Amino acid sequence: MIKVSNLEKSFGEHQVLRGISFDIDEREIFGLLGPSGSGKTTLINILTNQIEADSGYAKVSVTPFETGLMLDEDGLYPRLSCLDNLDVFAQIYSMPQEKSMEALELVGLGEAAKKPVSALSKGMRQRLAIARAILHSPQVLFLDEPTSALDPRTTKGIHALIRQIRDAGATIFLTTHNMEEAVELCDKVALLHQGQIVEQGNPLEICEKHKSMRTIPDLGNVFMNMTGVNLDE
């Protein structure tokens, strides 16, 4: 569904991505892990055609209309209600407005449809941003740190929602620096450090390979042992 080969990107003299290569199969959840500034968002921007790579190959096997995108900056309209926010995008996609309410119900915000975004909690805003990203039933969904700064209970709800979206047929590209999240959700992960993928594969197999755990998966220790970088900081 997504194929990347030897991708390179620089901004001025600063090389952000170096020889990035990976494949994502249909209906997989793929996790890209790395500290802030490692190139995660740049890679998403390339895959969603917001910026161009300097060299290499990046292919998403669906049209732009068949992709959904949720960034850390959610871009929601704070004075509008949840429903009105989605209606704006329903019009852009030329979709019937009832789809907006269906998306809100899917993410558990049906009762908050008339509530303004400015009155939402952080977790509710995250759910609304996901609702907007899946409004048109995309086949590929990009989620940039969807549980950042959320409490454990809200995070658990977002995880359940992500699985539900995957089970409905979507392929999901997820960026995170949360190791437990990667192990819990992802079929495959790639560890990104200073613009390079230093390890990739099944998260549990990576942990076993580096013998960084006994009973509880800890990709954070794997990453720190390989790079000296603590992703939890």
Side-chain angles (χ1 to χ4, degrees), residues 2 11 29 31-32 36-37 39-52 60 62-166 168-178 181 185:
I2 299 175
F11 294 103
I29 300 178
L32 183 67
S36 298
K40 300 190 302 296
T41 300
T42 297
L43 182 53
I44 282 186
N45 288 340
I46 291 173
L47 291 173
T48 55
N49 297 313
Q50 298 182 73
I51 61 175
E52 293 185 357
V60 180
V62 295
T63 67
F65 183 82
E66 296 171 309
T67 63
L69 175 63
M70 174 194 171
L71 295 175
D72 185 49
E73 295 292 332
D74 57 42
L76 297 169
Y77 301 108
R79 295 184 181 181
L80 297 183
S81 69
C82 295
L83 185 60
D84 287 342
N85 263 272
L86 296 195
D87 281 345
V88 169
F89 284 86
Q91 293 178 24
I92 292 173
Y93 289 122
S94 299
M95 301 180 67
Q97 289 188 325
E98 54 262 30
K99 290 293 185 180
S100 299
M101 195 63 202
E102 290 178 9
L104 288 177
E105 294 285 359
L106 180 62
V107 302
L109 290 178
E111 295 183 358
K114 296 298 184 180
K115 182 177 290 189
V117 168
S118 59
L120 299 180
S121 67
K122 173 68 172 176
M124 293 174 75
R125 285 186 71 119
Q126 295 288 74
R127 286 179 173 271
L128 182 57
I130 292 175
R132 187 184 62 190
I134 65 174
L135 181 64
H136 56 304
S137 301
Q139 294 185 39
V140 176
L141 179 61
F142 293 92
L143 300 175
D144 194 3
E145 301 196 5
T147 61
S148 176
L150 298 184
D151 63 83
R153 181 177 179 180
T154 304
T155 294
K156 185 175 180 179
I158 296 291
H159 286 178
L161 176 58
I162 291 172
R163 293 191 195 94
Q164 184 178 356
I165 295 168
R166 185 272 313 278
T171 301
I172 298 175
F173 184 106
L174 171 78
T175 72
T176 182
H177 64 271
N178 186 309
E181 180 169 75
L185 285 178

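These figures come from a predicted structure and were not determined experimentally. Scope of the values below: all heavy atoms of this structure, side chains included, with no hydrogens, waters or symmetry mates.
Considering CZ of Phe173 and CG of Leu69, their distance stands at 11.0 Å, rounded to 0.5 Å. Once rounded to the nearest 0.5 Å, the distance linking CD of Gln50 with CG of Leu71 reads 6.0 Å. Once rounded to the nearest 0.5 Å, the distance linking CD1 of Ile158 with CZ of Arg127 reads 4.5 Å. Rounding to the nearest 0.5 angstrom, the gap separating the CG atom in Leu143 from the OG1 atom in Thr176 is 10.5 Å. Distance check: Leu161 CG to Thr147 OG1 gives 12.0 Å after rounding to the nearest 0.5 Å. Separation of atoms CG (Leu150) and NE2 (His159) is listed at 9.0 Å; rounding is to 0.5 Å.
In this structure, the side chains of Leu174 and Leu141 stay at 4.5 Å or more apart for every pair of heavy atoms. Looking at heavy atoms from C-beta onward, Val117 lies out of side-chain contact with Leu80 at the 4.5 angstrom threshold. Side-chain contact check for Lys114 versus Leu83: some heavy-atom pair is nearer than 4.5 Å. The shortest side-chain heavy-atom distance between Met70 and Gln126 falls under the 4.5 Å cut-off. Between Ile165 and Ile130, some side-chain heavy-atom pair lies under the 4.5 Å cut-off. Here the side chains of Leu109 and Lys115 are not in contact, with every heavy-atom distance at 4.5 Å or above. Proximity of Leu185 to Arg163: side-chain heavy atoms (C-beta onward) are separated by under 4.5 Å at one or more points. Two residues are said to be in side-chain contact when any heavy atoms from C-beta on lie closer than 4.5 Å; Ile134 and Val107 meet this criterion.
The shortest non-hydrogen separation linking Val62 to Gln139 is CG1-OE1, 3.6 Å. The two residues Asn85 and Tyr77 have their closest heavy-atom pair at OD1-N, 2.8 Å. Between Gly68 and Pro138, the closest heavy-atom pair is N-CB, 3.4 Å. Considering all non-hydrogen atoms of both residues, Ala90 and Pro96 come closest at CB-O, 4.5 Å. For the residue pair Ala112 and Cys82, the shortest heavy atom distance occurs at O-SG, 3.4 Å. The shortest heavy-atom contact between Pro64 and Thr67 is O-OG1, 2.8 Å.
With hydrogens and angles ignored, the 3.5 Å screen pairs a side-chain donor or acceptor of Thr175 with a backbone N or O of Glu145. A donor-acceptor pair under 3.5 Å is formed between the side chain of Arg132 and the backbone N or O of Asp74.
Side-chain atoms of Gln97 and Ser100 form no donor-acceptor pair, as typed in the model, at a separation below 3.5 Å.
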| task | Quick one: do Thr48 and Val60 satisfy side chain to side chain contact (heavy atoms under 4.5 Å, CB included)? Show the steps, please. | result | CA-CA 8 Å; Thr48 55; Val60 180; over 6 Å; no
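Crowding of Glu73 atom CD: a count of heavy atoms from other residues, nucleotides or ligands under 6.0 Å not exceeding 12.
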